[in-house]
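Below is one structure, written out as structure tokens; comments come after it.
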Amino acid sequence: MEETLTAAQRVALARQAQRPGICAFIDGLFTGFFEMKGDRLAGEDGAILGGVALYHGQPVTVIGTRKGRTVEENLHCRFGMPGPEGYRKALRLMKQAEKFGRPVITFIDTPGAYPGIAAEERGQGEAIACCLMEMSTLTVPVVSVVTGEGNSGGALALGVANRVLMLENAVYAILSPEGFASILWKDASRHEEACELMKLTAPDLMQLGVIDAIIQEPEGGAQRDAAAQIAMIDRALSAELHALRGMSGRELAAQRMEKFRRMGAPRPEADA
Amino acid sequence: MTHVFEKRRNRLRAMKELSESYLPPEQVITCPSCGQEVAREEVERALSVCPACGHHFPISGPARLRLVMDGAKYRELYRHVQAGNPLDFPGYDDKLRAAQEKTGLDEAVIVATGEIGGRRCVACVLDSRFMMGSMSAAVGEKLTLGIEYTVRRALPLIIFSASGGARMQEGILSLMQMAKTSAALAKLSQKGLLYISVLTDPTMGGVTASFASLGDVILAEPGALIGFAGPRVIEQTIGQSLPEGFQRAEFLMEHGFIDAIVPRSGLRDALAKLLMLHEGGTAWRKH
Ligand SMILES: [Zn+2]
């Protein structure tokens, strides 16, 4: 059935409120999670959740965007739209992971970075830019999973990984289809048309070389069976981490940089 | 004697190029900032700056390079890298061709090498006449090639930003250029090389959230609009209008994100001074 879904239908699925989020993944995949708050500069941002946990007995740093499960939580997390404090916290935790030699696992599900006055005052752009630059140099394994919608630099800021995985019905794009339509055609109502043109589905992104693997979803979508979904993520994650185990820190950084270096570069062998 | 003459001629030619495509064609221009009517010629002579209020009109990429480079001379690199249509986006090929015809450029960025104050450097300039200076895969590729060239030759790098942000028609591949350019700058930084980022009007979106914010030194032109989210998007999200001066260069400096605001007339000297000050600091370098 999934084969026949349109891009717009996948966008709707990716935004499903019942779809499992960062909290479900932490509960289902890790043990002993210890949350670490704050950017040590200005504040704490609920839209990003991070800390240390055990993954199959191995300490890892887990970071993800959080949308919240109740209206109260939604508001507290600004529906998963981080501000600069969130990105600076994420970067702090990544550097901490590097210090202690732990792999970094990130979960991405965000409408984008928060567009607000305070966010701009505190350097939203600078915070994201630093994540991109520093993340590219990390000498520990980094695996990212796009689990819902991954929009804009606000998603990419957690996605400069050795391996980028994506759930079957997740979407990953330059911005929301509504924003895309409103910028390009001054008409947000043409968002379904935008979905088809944007190449934002997992199969499209696989073909473009933007992601490395697709994780299957249970019949009907992740929200139908969170436990089954978590088991599927677990299989993919442990395989990826296992594959990265043999690489030195220097090789990990080099592989990551080289991967992103190739993106959008003119390919002499012509597009397949 | 001939040297002085040549310098003056180059300067005059530079001034002509400065105004080529940005200023309205009329002999008298109404300044968008102060509303005063000013003679076009006078604005041109002031490097496309309003003589009444100091409003900085945008200038083209070639004009920017002529303005800062010694003798207005530079050599262009990687000109051959051109945008494709990676998503087969309808109408994009025509848009690209129109932009190329309008500007005489192949893409929205020029990569060049030349000397400023007698010191060789690599300069990349985004040109907002070309599809709002937006970041295509080709723009990201040219910037990255420019950064890599800088690293190989151990030169200082200057990037002049002027961009509305992402190139919508290239979708996710435009987004990925943020990671690509930032990773390239990480390598430059690891080599202990200098990167000066100059923010001009406008510097927005993915450009702000990548290379433009990663300079060792960040300069801006007066009044330049600089930010991540567009003002309209913010207004729609928060449901209120934005304060006066929001996201302008002065606002960013006040909040700690810019080292200095440099008027166009002082830009070349400021860059020359920074290049001079960063020379010879190798003795205590880590790498
Ligand atoms: Zn004026």
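Chain naming here is simple, since letters A, B, ... match the order of the sequence lines and numbering starts at 1 in each. Only heavy atoms go into these numbers, but all of them, side chains included; no hydrogens, no water, no symmetry mates.
Shortest non-hydrogen contact noted between A:Gly116 and B:Ile238 is CA-CG2, 4.4 Å. Looking at every heavy atom in both residues, B:Phe228 comes nearest to A:Ser152 through CZ-OG, 4.3 Å. Smallest separation of non-hydrogen atoms from A:Ile174 and B:Gly171: CD1-O, 3.4 Å.
Rounded to the nearest 0.5 Å, atoms OG (B:Ser174) and CE (A:Met263) are 13.5 Å apart. Interatomic distance, CG of B:Leu214 versus CG of A:Leu132, reported as 8.0 Å (0.5 Å rounding). Note that CE of A:Met133 and CZ of B:Phe211 are 13.5 Å apart. Values are rounded to the nearest 0.5 Å.
Partner of A:Lys199 under the side-chain contact (heavy atoms from CB on, under 4.5 Å) criterion, out of B:Leu87, B:Ile172, B:Leu173: B:Leu87 alone.
When heavy atoms are compared at a cutoff of 4.5 Å, B:Pro243 approaches chain A solely by way of its side chain, counted from C-beta outward. Heavy atoms of A:Tyr172 lying under 4.5 Å from chain B belong to its backbone as well as its side chain. With a threshold of 4.5 angstrom between heavy atoms, A:Ile183 approaches chain B through side-chain atoms but not through N, CA, C or O. Only the backbone of A:Met198 comes within less than 4.5 Å of a heavy atom in chain B; its side chain stays farther off. Looking at B:Glu148, the atoms closer than 4.5 Å to chain A (heavy atoms on both sides) all sit in the side chain, from C-beta outward. Contact of A:Cys130 with chain B is made through backbone and side chain together, with heavy-atom distances under 4.5 Å. Residue A:Leu200 does not touch chain B at all, counting heavy-atom pairs closer than 4.5 Å.
By number of non-hydrogen pairs under 4.5 angstrom with chain B, the leading residue of A:Gln124, A:Glu121, A:Glu134, A:Arg256 is A:Glu121. The candidate from B:Ala209, B:Ala137, B:Ser213 with the greatest count of non-hydrogen atom pairs under 4.5 Å with chain A is B:Ala209. Per-residue counts of heavy-atom pairs under 4.5 Å with chain B were compared for A:Lys259, A:Met135, A:Arg122; the largest is that of A:Arg122. Contact tally against chain B (heavy-atom pairs below 4.5 Å) for A:Leu156, A:Ile117, A:Thr137: the top residue is A:Ile117. For the set B:His255, B:Gln82, B:Gln236, B:Lys187, the entry with the most heavy-atom pairs within less than 4.5 Å of chain A is B:His255.
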Take B:Thr144 and A:Phe260 through the side chain to side chain contact (heavy atoms under 4.5 Å, CB included) test and state the conclusion after the steps. CA-CA 11 Å; B:Thr144 305; A:Phe260 283 88; over 6 Å; no
As a quick check of understanding, evaluate salt bridge (Lys or Arg N to Asp or Glu O under 4.0 Å) for A:Arg261 and B:Glu141, giving each step before the final call. CA-CA 8 Å; A:Arg261 174 66 188 87; B:Glu141 182 68 18; 3.0 Å; yes
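Shown here is A:Glu73, whose CD atom has more than 12 heavy atoms of other residues, nucleotides or ligands within 6.0 Å. The 12-atom threshold is exceeded at CZ of B:Arg79, counting heavy atoms of other residues, nucleotides or ligands nearer than 6.0 Å.
Along residues 175-185 of chain B, the residues that come nearer than 4.5 angstrom to chain A, judged on non-hydrogen atoms, are B:Leu175, B:Met176, B:Gln177, B:Met178, B:Ala179, B:Lys180, B:Ser182, B:Ala183, B:Leu185 in order of number.
Residue pairs meeting the side chain to side chain donor-acceptor pair (under 3.5 Å) criterion with at least one partner in residues 240-254 of chain B, sequence neighbours excluded, are A:Glu120-B:Gln247.
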